Q: 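First, the structure itself, so that you have it in front of you.
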Amino acid sequence: MDVHTGFIVLICLMGFTCAVPVKFLDCGSSSGKVDMVDINPCPSQPCQLHKGQSYSVNVTFSSAVESQTSTAVVHGVIAGVPVPFPIPIEDGCKSGIKCPIQKQQKYNYVTALPVKTQYPAIKLVVEWELEDDHKEDLFCVKFPVQIVS
C-alpha cells in the first residue's frame with residue numbers, strides 16, 4: 001500500500017466520510033477528457049448504493065471545446081439495456097460548472113445521485129454523459145454499482 005492509499009484508509013477508519021476515486025471506463029468522451037470520478041460515500045468498489053439515500057458524484061474533466069450549455073444524461077445499464085436514470089438537476093451549469101465552458105479548462109461536475117426505495121437490489125453499470133451544445137459528450141463514463149437495501 002502506498003502512502004496516499006494508506007492516508008485515505010486512515011482517514012476513513014477515523015470515521016470521516018470519504019470518497020475514493022472510482023474505477024471507470026471512458027465510453028466516448030469526444031469533447032473532453034476525464035481525469036477522475038468520485039462517488040461519496042463509496043468506501044469500496046463497486047460502490048454500494050443504499051436505497052433511500054443520496055450520493056455525491058464528482059467528475060473532474062477537461063473540455064476540448066467551448067460550449068454555452070451542458071446537459072447530463074444518465075442511464076443504468078442492466079443486461080446490456082440502457083434504462084434512463086433520472087437525476088434532480090440535468091443542467092451541468094448548475095452542477096459546479098461555470099458556463100460558458102471554455103476550451104482547455106478543467107472542471108468539476110458535482111451533482112446528487114438519489115437512489116429511490118423502489119429500485120430493485122441489483123448490480124448494474126451506470127453510464128453518465130455530459131453533453132455540450134451540439135449533443136457531443138464532454139464526458140461519458142461507465143462505472144459499476146450495486147443497489148442494496
Side-chain angles (χ1 to χ4, degrees), residues 4-78 82-119 122-148:
H4 184 255
T5 304
F7 179 72
I8 291 172
V9 170
L10 177 63
I11 294 296
C12 292
L13 291 174
M14 292 173 58
F16 291 97
T17 302
C18 54
V20 175
V22 173
K23 292 177 182 167
F24 68 91
L25 291 175
D26 189 299
C27 49
S29 302
S30 56
S31 297
K33 180 184 178 303
V34 178
D35 295 325
M36 187 170 56
V37 177
D38 289 332
I39 299 174
N40 193 6
C42 175
S44 63
Q45 293 182 45
C47 294
Q48 290 194 347
L49 308 180
H50 293 267
K51 295 179 186 184
Q53 294 187 19
S54 187
Y55 295 81
S56 172
V57 175
N58 180 352
V59 179
T60 304
F61 72 100
S62 299
S63 178
V65 299
E66 293 182 4
S67 183
Q68 296 298 313
T69 64
S70 60
T71 305
V73 179
V74 183
H75 290 88
V77 181
I78 303 168
V83 178
F85 201 104
I87 58 172
I89 301 172
E90 294 177 352
D91 186 349
C93 300
K94 295 180 180 173
S95 300
I97 297 173
K98 184 180 178 199
C99 291
I101 293 171
Q102 301 297 314
K103 194 174 184 179
Q104 307 303 327
Q105 293 289 319
K106 187 174 279 197
Y107 294 93
N108 285 306
Y109 167 80
V110 182
T111 194
L113 175 62
V115 181
K116 296 181 180 179
T117 55
Q118 62 264 38
Y119 288 166
I122 190 171
K123 286 184 179 181
L124 69 143
V125 172
V126 174
E127 181 179 284
W128 205 300
E129 299 166 85
L130 189 67
E131 297 177 340
D132 66 14
D133 292 339
H134 305 290
K135 303 259 185 242
E136 297 291 325
D137 288 336
L138 289 162
F139 68 74
C140 179
V141 292
K142 287 184 177 182
F143 50 88
V145 299
Q146 181 175 9
I147 297 176
V148 296

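Heavy atoms only: backbone and side chains are in, while hydrogens, waters and symmetry mates are out. Values in this document were obtained by computation on a predicted structure and should not be read as measured data.
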Q: Please report the interatomic distance CZ(F143) to SG(C27), rounded to the nearest 0.5 Å.
A: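 Answer for the CZ-SG pair, F143 versus C27, is 10.0 Å.
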Q: Measure across H134 and D132 and return the closest heavy-atom pair with its distance rounded to 0.1 Å.
A: N-OD1, 2.8 Å
Q: Rounded to the nearest 0.5 Å, what separates atom CD in Q68 from atom CD1 in I101?
A: 9.5 Å
Q: From D137 CG over to L130 CG, what is the distance, rounded to the nearest 0.5 angstrom?
A: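 If we round to the nearest 0.5 Å, D137:CG and L130:CG are 8.5 Å apart.
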Q: Can you name the closest pair of heavy atoms from P41 and P43 and give their distance?
A: C-CD, 3.9 Å
Q: As a test of understanding, state which of S67, S31, S30 forms a side chain to side chain donor-acceptor pair (under 3.5 Å) with E136.
A: S30
Q: For the residue pair C140 and S29, what are the closest heavy atoms and their distance?
A: N-OG, 2.9 Å
Q: Minimum heavy-atom separation for A112 to S54, with atom names?
A: CB-OG, 3.7 Å
Q: Which residue pairs satisfy the salt bridge (Lys or Arg N to Asp or Glu O under 4.0 Å) criterion with at least one member in residues 98-116, sequence neighbours excluded?
A: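 Qualifying pairs: D35-K106.
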Q: If we only count heavy atoms from C-beta on, is the I122 to I78 side-chain gap below 4.5 Å?
A: yes
Q: How close do V57 and I39 get, counting heavy atoms only, and between which atoms?
A: CG2-CG1, 4.4 Å
Q: Taking side chain as C-beta onward, heavy atoms only, is V110 less than 4.5 Å from S95?
A: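 SC-SC contact between V110 and S95 ruled out.
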Q: Starting from the C-alpha separation in whole Å, work towards a yes-or-no answer on side-chain contact (heavy atoms from CB on, under 4.5 Å) for V126 and V74.
A: CA-CA 7 Å; V126 174; V74 183; 4.0 Å; yes
Q: When rounded to the nearest 0.5 angstrom, what distance separates CG in N58 from OG1 in T60?
A: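 Between N58 CG and T60 OG1, I get 4.5 Å after rounding to 0.5 Å.
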Q: Is there a side-chain contact between V59 and V34 (heavy atoms, below 4.5 Å)?
A: yes
Q: Quick check: does any side chain N or O of Q45 sit under 3.5 Å from a backbone N or O of K23, one acting as donor and the other as acceptor?
A: yes
Q: Given L124 and V145, is the side-chain contact (heavy atoms from CB on, under 4.5 Å) satisfied, shown in steps?
A: CA-CA 6 Å; L124 69 143; V145 299; 3.9 Å; yes
Q: If you define the side chain from C-beta out and look only at heavy atoms, does anything of W128 sit under 4.5 Å from F85?
A: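 Counting from C-beta outward, W128 and F85 never come under 4.5 Å.
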Q: Does the side chain of D133 pick up a donor-acceptor pair with the side chain of T69 at under 3.5 Å?
A: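 Present: a donor and an acceptor within the cut-off.
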Q: Ignoring hydrogens and geometry, is there a side-chain-to-backbone donor-acceptor pair from K51 to Y119 under 3.5 Å?
A: yes
Q: Quick one: CD on E129 to CG on L138, what's the gap to the nearest 0.5 Å?
A: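 Output value for this atom pair is 10.5 Å.
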Q: Would you say the side-chain atoms of Y107 pair up with the backbone N or O of Q102, donor to acceptor, closer than 3.5 Å?
A: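 Checked: pair present.
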Q: Let me confirm one number: the OG-CD distance from S70 to E131, rounded to the nearest 0.5 Å.
A: 10.0 Å
